[in-house]
Number of protein chains: 2
Amino acid sequence: MEYVIGDDLLQQQGLKRTKLRMALLDCFLNTKHALSYPDIKQMLGEGVDRSTLYRNLAAFEEADIIHRIYDQSGVAKYAFGKVHDHGRDHAHFVCEQCETVYCMEKATTVDINVPKGFKTKTIQTIIRGICSDC
Amino acid sequence: MEYVIGDDLLQQQGLKRTKLRMALLDCFLNTKHALSYPDIKQMLGEGVDRSTLYRNLAAFEEADIIHRIYDQSGVAKYAFGKVHDHGRDHAHFVCEQCETVYCMEKATTVDINVPKGFKTKTIQTIIRGICSDC
DNA sequence: ATTTTAAATGCGACTGAGTTGCGTTTGTGA
DNA sequence: TCACAAACGCAACTCAGTCGCATTTAAAAT
């Protein structure tokens with residue numbers, strides 16, 4: 001069943017179905033929180049090649065199958081799903097537990113005093129906390 | 001408001017006045033934006049030892065002389081001043097041209113409606129635009 | 001001014017994240 | 001089943017950051 005989802009996802013993006021990619025996809029489909037490289041490596045087993053894994057993470061990201069975020073310590077984490085474009089102002093809620101990113105409407109316009117000479121183009125707000133699932 | 005010069009800042013924290021520390025302090029006192037390790041290294045010159053520099057950055061951070069932030073690409077940046085109340089009133093301005101990160105005070109508190117079950121802990125705002133230098 | 005000493009430095013070695021080039025293997029469509 | 005681009009595996013590399021240890025130095029005590 002997950003394999004069906006996986007097949008579709010990969011085929012939609014013109015990505016070949018390799019063992020690693022199916023396994024990698026399973027990681028993301030079966031985990032509700034964002035995964036760091038060590039997390040993924042541990043789930044897939046030691047035999048997985050580092051560069052191949054990174055290349056696939058990049059390919060998945062490129063294909064909007066997963067997205068990458070950096071936590072407060074600057075550690076890269078990967079999670080299923082895509083983050084839509086930061087074109088206009090909007091807010092992201094990042095769960096500190098599962099690192100899931102939720103997009104939400106901003107209730108109030110943010111008013112910031114930027115110093116003279118600074119030109120504001122977009123304002124992005126990141127709310128950190130605990131989501132309803134955790 | 002009084003401006004504390006380097007000597008006082010270091011002595012207040014029981015830190016010895018070494019050449020590197022004075023120079024490092026100058027970097028932060030004379031720059032209004034956050035600096036990455038390469039930025040600092042370039043300002044101080046090639047002769048500076050890597051581990052000594054990192055140790056001093058850690059010491060300064062410990063002493064609340066500077067604070068560390070990670071930008072959207074997970075790159076560590078250091079800036080003068082201490083971090084305020086867990087980021088609630090903290091905003092970062094990121095210049096789209098020079099990628100420089102400026103720390104600034106928020107004029108208005110952001111008020112976001114998070115869905116039921118979501119618990120907000122910190123709110124961080126990232127403003128993108130063009131800085132006064134660009 | 002000299003001695004003392006803990007703190008700071010410089011060096012080398014190390015880990016961990018991430019990238020790149022290249023030769024080999026494999027999935028897929030003809 | 002064959003051809004070929006795509007994916008893989010490997011080795012080598014860069015860059016960020018850390019640690020242990022021997023040496024130097026700032027600053028307090030003599």
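It should be emphasised that the depicted structure is a prediction, and the values quoted were computed from it without experimental measurement. So that the names make sense, note that chain A is the first sequence line, chain B the second, and so on, each numbered from 1.
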Under-3.5 Å N/O pairs linking protein and nucleotides 26-28 of chain C:
| residue | atom | partner | partner atom | Å |
| --- | --- | --- | --- | --- |
| C:dT28 | OP1 | A:Arg17 | N | 3.0 |

For DNA chain D, note the earliest and the latest nucleotide, 5' to 3', having some atom under 4.0 Å of a heavy atom belonging to chain B.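 For DNA chain D, the relevant span reads D:dA16 to D:dA27.
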Which atom pair, heavy atoms only, marks the closest approach of [X] to [Y]?
| X | Y | value |
| --- | --- | --- |
| B:Gly74 | A:Tyr70 | CA-CD2, 3.6 Å |
| B:Gly81 | B:His67 | O-ND1, 2.8 Å |
| A:Arg50 | A:Tyr37 | CG-OH, 3.2 Å |

Selection residues 114-134 of chain B - residue pairs positive for ring-ring contact (aromatic ring centres under 6.0 Å, His included), sequence neighbours left out: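 Listed once each, the pairs are A:Phe93-B:Phe118, A:Tyr102-B:Phe118.
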A:Arg68 CZ to C:dA17 P: how many Å, rounded?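 Distance check: A:Arg68 CZ to C:dA17 P gives 14 Å.
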Output the rounded distance in Å from CG (A:Leu57) to P (C:dA17).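 One finds 12 Å between P of C:dA17 and CG of A:Leu57, rounded.
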What pairs with [X] under side chain to side chain contact (heavy atoms under 4.5 Å, CB included), at least two apart in sequence or on another chain?
| X | result |
| --- | --- |
| B:Ala63 | B:Gln13, B:Leu15, B:Ile65 |
| A:Cys27 | A:Leu35, A:Met43, A:Leu44 |
| A:Arg55 | A:Ser51 |
| B:Pro38 | B:Ser36 |

Phosphate OP1/OP2 of C:dG18: any A:Tyr54 side-chain N/O under 4.0 Å: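 For C:dG18, OP1 or OP2 has a side-chain N or O of A:Tyr54 closer than 4.0 Å.
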Results of side chain to side chain donor-acceptor pair (under 3.5 Å) for [X] - residues two or more places apart only:
| X | answer |
| --- | --- |
| B:Glu62 | none |
| B:Tyr78 | none |
| A:Lys16 | none |

So do the side chains of A:Gln72 and A:Arg128 get within less than 4.5 Å of each other, counting heavy atoms only?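 Heavy-atom side-chain distance check passes, below 4.5 Å.
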How would you summarise protein contacts on nucleotides 10-16 of chain C per nucleotide, using B for base, S for sugar-phosphate only and - for none, with heavy-atom distances below 4.0 Å? BBBB---
Which part of the nucleic acid does B:Ala59 contact within heavy-atom distance under 4.0 Å: base, sugar-phosphate only, or nothing?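 Here B:Ala59 touches no strand at all.
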Angle by which the axis turns from one end of the helix from C:dA1-D:dT30 to C:dA30-D:dT1 to the other, five pairs per end, to 10 degrees: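 End axes: 20° apart.
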About how many Å separate SG of A:Cys131 and NE2 of A:His33, when rounded to the nearest 0.5 Å?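 One finds 12.0 Å between NE2 of A:His33 and SG of A:Cys131.
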